[in-house]
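This report refers to the structure that appears directly beneath it.
Model, not experiment: these values are computed from the prediction. Numbers restart at 1 for each chain; the letters A, B, ... are given by sequence-line order, proteins then strands.
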Amino acid sequence: MSEYIFYPGCSLESSAKSYHDSLNIVCEKVGITLNEIDDWNCCGATEYFGINLTPAYALITRNLALAAEKANGTNTVVAPCSACYLNLAKADYYMREQPKLGTQVNLALEAGGLSYKPGSLEIRHLLDVLIYDIGLDTIKSNVVRPLTGLRVAPYLGCMVPRPDYEKRWSDHEHPVELDLLLEALGAEVIDFPLKTHCCGGHMPHIGPETAYEMLHRLLTSADEHKADIMATVCPMCQMNVDAYQGETNQYFGTNHKMPIVFFTQLIGLAFGATPKELGFGSELVSAKKALAKIGTAPPKTKKTRKSKKKAGLPMPQPLPTGIRINEEEVIR
Amino acid sequence: MSQLTPPVHEIEDLTLLEEVAARTAGVSRLEMCIQCGTCGGSCPSADDMDHTPRQLFAMLRAGMREESLKSNTPWICVSCYHCVVRCPQNVHITDVMYTIKGMAVSSSMYESGTASEFSQTFVDMIENYGRSFEFGLATRHYLKHFPLRLPGMASMGIGLLTKQRMAIKPTRIKNMKQLTDILDRAKELGATHE
Amino acid sequence: MTTKSNSHPQERIGVYVCHCGTNISAMVDVEDVAQWAADKLEHKGVVIARDYKFMCSSLGQELVEKDIHELKLTRVVVAACSPHLHEKTFRTACERAGLNPYLCELVSIREQVSWVHTDKVAATAKSKAVLSGGIERVLWHEPLDPMTVPIHPATLVVGGGIAGIQAALEIADAGHPVYLVERDASIGGHMAQFDKTFPTLDCAACILTPRMVEAGMHPNITLMTWAEVENVDGYVGNFDVTVRQKARKVITDLCTGCGICEEKCPKKVIDDVYEAGLGYRKAVYTPFPQAVPNFPVMDVENCIYFDTGKCKACEKFCPTEAIDFTQEDEIVEFPVGNIILATGYDLFDARRVSNYGYGHLENVFTSMEFERMNNASGPTDGEIVLRDGKTVPDSVGIIHCVGSRDMNYNNYCSTICCMQGLKFAHLVQERTGATVYNFYIDMRTAYKGYDEFYQKVLEEGTRFIRGKVAEVTDVARLPNEEGKLIIQAEDTLIGKQRRIPVDMVILSSGLEPRHDAKEVAKTFGISCSADGWYIEKHPKLDPVATMTEGVYIAGCVQGPKDIPSSVAQGAAAAARVIGKIQQKEMALEPVRASVLEDQCSGCRICNDLCPFNAILFHEDTMLSEINPALCQGCGTCVAACPAGAITGTGFSNEQVLAQIEGLLMDMSV
């Protein structure tokens, strides 16, 4: 049984409820216990930083202080939401990099009877824990319903692979972790070139045209690669691609119908849970058609630009990834 | 209402560049910028910005306070961190953007209030409840800034509500007093860590 | 100036305190210091104490020499600048006057006093203390003679690139034997891979191969290719080198270089080394047509016979029976007097920059791949084509600063990539009708003919965009981007993000130290910087020597540089070596540590501490012994010995303790 301190974040309680439900099911199956921080507060997303520095960091660090109190035996905090993950990691990192900030924040925390020593907690994303702590072999062994026939576009978004203060990911631009995970579930994973491109964040509320442009790029690429569904790790990405797909279609005169779900929902499906308990149906762009493809033979796809027949001059060998499956290092 | 950052002119004897660096969390390395343009080249929303990130930093170095704070650049920044990981001088670009937003807000030097008011509303929610409250945020914000979009967004809104992805009532954390005390003290401590 | 008569028979010390213009005298009352020494330290043996404006001048030195003659001085102490600068000056002056140079001590009251303090009273007092320390110490000095070691006339040159070849030829032409050891199958190095060289656009092979042939045929050069230095023992003038001559599986005495074995070999492999992965070779191969020596080499890992036991086609067809599958590596040992390391560089691995898509996107090429493409004997016969091997590009983008000037990879400038990028632009313009774009941060065209080359490339119509490229992608947003590679960068001079669709992208990759530079440095006993480049003795004034006597460095192993600079360094290193050889012997500083045998307990703590591997342990007597030729007098072992059993000439325990006593002298008395 692996124990972790758990920081759900505001979205998991509401807009990303399916993330919460599905990750609970998945964690139980692979032996992860999540101990939720008592009375945690919002991390401030990207909004508080732009108003006032010290309160922004104090807001985040209250959670770290409460988590550190909870610690009993583990010092790893798992945050499934990308922005929460980044904020917690960033606060800890900057307080170490710039001790004066740490002092200032702790002075503020003192007013609430709390304190936090920078560096005493390790903050990690759920995907990181599943790949590097649980391991792909364990994931594979729990698959009872392989997702064959489903073409998935892995969509990590921007705040998980970057800025990556602790160098946990295989790459900042084209990391392979989510790809390998989805492959382990039996799905056909497309080589999605925009897998770490931004969904636009809060732009739908600030400057919608910018948001539509960014969503349009993602949807066009996913469709070009004939993805049936997008799998993401971030509630903001899911919300933007899902809820604003209609407005984007209107703006560009397109007709994308790309469902986007959380990666844990797909893991749960492969592990044998029902779509309902995993939160399927709560997405606005329905995933029904995509799910119907599971268990069918993979479709014959027209050769895309990428799979041309062997080029005249040899290509360089790819670099090793540092991830192991069945004792062998994966090279991508 | 929350208390804003102390007005920028109180920090008198720093140059604009140094002031921005002092107000940025961590070690910003803003003075290390060699103007290579990787940030402007990476930015997914650069086309909509008044100035590319690199240009904005050049303006800071030149002491162009008003133009820098009035620029829409930091408000169009989506915090994707592409620039940060590619910057050859390891400048903490995104965090500098946050600093400029804060300075623009406290000196009221921005052209359009949409973005700043969104942030301010979000912050109000947190300071009242300790958690974000999307329904409250969305209604307040859209009614003021994008009323014409509301009818088109009705189906989305209803969809989210019926699928229980948005709460109509806010949740408040138990120890709100603790959080308020902490935030009040933090505001007194000010906007720099120098 | 004060002279006193000396009442006891003891050492006669001359003290000289320098003003150094106003460098010292502005902060230290030098006249007072001299006067004080004459008065208060007379009982120690001071017979004269002078102060003078510039002790290092010839007049200043003459003062010393005159006093040695007239006053029969037996010791000299000069209080002036740091010994690093003028210790030699004053020692030589003493020597001229007939006094053993090691009886002269220089104490620093500039770097250690006047330049670092602001209180004149305190500074003057400190100067007196420092001077007193020097005087106490010098009483314990003994006359020393430098030891001489013979210089073996042979030289080892490691690395057969242009720098190594240059050095080898110069030493060989001067009439001395050279061993040129090269790890690859042929000499020539990276220069042999290039097509044209900047700024003259000379064909690389045309100017290199005559040198290679000369080196291969020179009676004074023993060429050992497919060989690596395994071990070096000894010291300057007397190195014992062990080289592993790897087995080529070819008997070179019988081989005629006909090439039939290569032709008949059925196993084709990607050539990672010479063709930069862009072309193929066989399992038994000669790296390139002009290889020196022209003997093939067998790649045992990829050979079908070694893998499965079948084939042996090369052996069957060889007309002179020169193939020998049973050939083993050979260990060769020989003595040399000096060593020149010219092992070159490795190219930065552009796969690390995932936003440029190398390895992922087909038509992104590295600089070396593009060189091979342009080379007439390369995989495309000199045609500039896309990865499909046939399509000529309509538009080419060249990206500068790949892996250089970047804290995410290497934060130094690789010096040659701007010129390389310009050269590529010129070649593309010359050979195709393509539109060329160069993306740069700064244009670094510093040397002779370089900026003129930039002008030439501008004239040819290359488009320059000042902006470090953010991304190379194949995801099109507009119709004119479909099917192309899109280079996304900010055109900083107009302040806008631009997306330029091109057919081919060339990365002007940076230079890195060899991947095993640190291990190789250890073999030769020299140090690397944190980046891995080898450290020269002085960055400005001594770029080819190292801190280890007898080992020199030349070429890119010392840092990225172009061909003219590599050649110059090769020649410089050769000149130093020739100078040493001609002197037939060399004087070593007699400042050395030695073990007091009756106090050594055989604990061996000193053995591993010595940075110069100068300490031997004798198992039979259980005693450590220091090799005086290797010892550089650093003092580490002296300090570390728990029994105090190691003492140093020039820094004996008595000398150091006396100096401390002098420093702590009670000034109030």
Measure the shortest side-chain to side-chain distance between [X] and [Y] over non-hydrogen atoms and say whether it is less than 4.5 angstrom.
X	Y	answer
A/Glu209	B/Asp48	no
A/His202	B/Val78	no
B/Ile182	A/Leu114	yes
B/Glu127	A/Tyr48	yes
A/Pro55	B/Arg185	no
B/Tyr81	A/Cys158	no

When [options] are compared by non-hydrogen pairs under 4.5 Å with chain B, the top option:
options	value
A/Ser14, A/Gly9, A/Gly201	A/Ser14
A/Glu110, A/Lys17, A/Met214	A/Met214
A/Ala211, A/Gly207, A/Pro204	A/Pro204
A/Pro161, A/Gly50, A/Cys198	A/Gly50

Exercise. For the residue pair A/Glu47 and B/Tyr98, confirm or rule out a side-chain donor-acceptor distance under 3.5 Å.
Key: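 On atom types as modelled, these side chains do not qualify, holding no pair under 3.5 Å.
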Quiz item: Cut-off 3.5 Å, side chains only: do B/Arg165 and A/Gln238 have a donor facing an acceptor?
Solution: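 A donor-acceptor contact under 3.5 Å links the two side chains.
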Contact summary for [X] and [Y], nearest pair of heavy atoms:
X	Y	result
A/Glu97	B/Val27	OE1-N, 3.0 Å
B/Gly26	A/Leu101	N-CD2, 4.2 Å
B/Phe122	A/Gly44	CE2-O, 3.9 Å
B/Val85	A/Pro163	CG1-CA, 3.9 Å

Spacing of [X] atom [atom1] and [Y] atom [atom2] [to the nearest 0.5 Å]:
X	Y	atom1	atom2	result
A/Ile206	B/Ser116	CD1	OG	8.5 Å
B/Cys80	A/Met159	SG	CE	9.0 Å
B/Met49	A/Thr210	CE	OG1	9.0 Å
A/Leu59	B/Ile126	CG	CD1	5.5 Å
B/Ile173	A/Asp39	CD1	CG	5.0 Å
B/Asp181	A/Leu109	CG	CG	11.5 Å

Quiz item: Has B/Gln164 got more than 12 heavy atoms of other residues, nucleotides or ligands less than 6.0 Å from its CD?
Solution: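 No, not enclosed.
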Contact leader toward chain A among [options], where contacts are heavy-atom pairs under 4.5 Å:
options	value
B/Met166, B/Glu117, B/His141, B/Met125	B/His141
B/Met153, B/Arg131, B/Met156	B/Arg131
B/Lys101, B/Met176, B/Lys174	B/Lys174
B/Asn175, B/Thr114, B/Leu137, B/Asp95	B/Asp95

Side-chain donor or acceptor of [X] paired with backbone N/O of [Y] under 3.5 Å:
X	Y	answer
B/Gln178	A/Gly112	yes
A/Arg162	B/Val84	no
B/Lys163	A/Gly281	yes
B/Arg149	A/Pro208	no

What part of [X] gets within 4.5 angstrom of chain B, counting heavy atoms only: side chain, backbone, both, or neither?
X	value
A/Gln250	neither
A/Arg96	neither
A/Tyr93	neither
A/Asp164	neither
A/Glu173	side chain

Exercise. Could you check B/Leu179 against A/Arg62 for side-chain contact (heavy atoms from CB on, under 4.5 Å), going step by step and ending with a plain yes or no?
Key: CA-CA 8 Å; B/Leu179 182 59; A/Arg62 175 176 175 272; 3.7 Å; yes
Can you tell which part of [X] gets under 4.5 Å to a heavy atom of chain A, answering side chain, backbone, both or neither?
X	result
B/His145	neither
B/Asn72	neither
B/Glu134	side chain
B/Tyr129	neither
B/Ile76	both

Quiz prompt | Pair B/Phe146 and A/His205, ring centroids less than 6.0 Å apart | solution =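 Centroid distance B/Phe146-A/His205: not below 6.0 Å, so no.
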Quiz item: What about the rings of B/His92 and A/Tyr94, do their centers lie closer together than 6.0 Å?
Solution: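 B/His92 vs A/Tyr94: aromatic centres under 6.0 Å.
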Quiz item: So B/His82 and A/His197, ring pair (Phe, Tyr, Trp, His ring centres under 6.0 Å) or not? Walk me through it.
Solution: CA-CA 8 Å; B/His82 256 131; A/His197 278 227; 5.1 Å; yes
Quiz prompt | Candidate pair A/Glu213 and B/Asp47, rule side-chain contact (heavy atoms from CB on, under 4.5 Å), full reasoning | solution = CA-CA 11 Å; A/Glu213 169 66 34; B/Asp47 290 338; over 6 Å; no
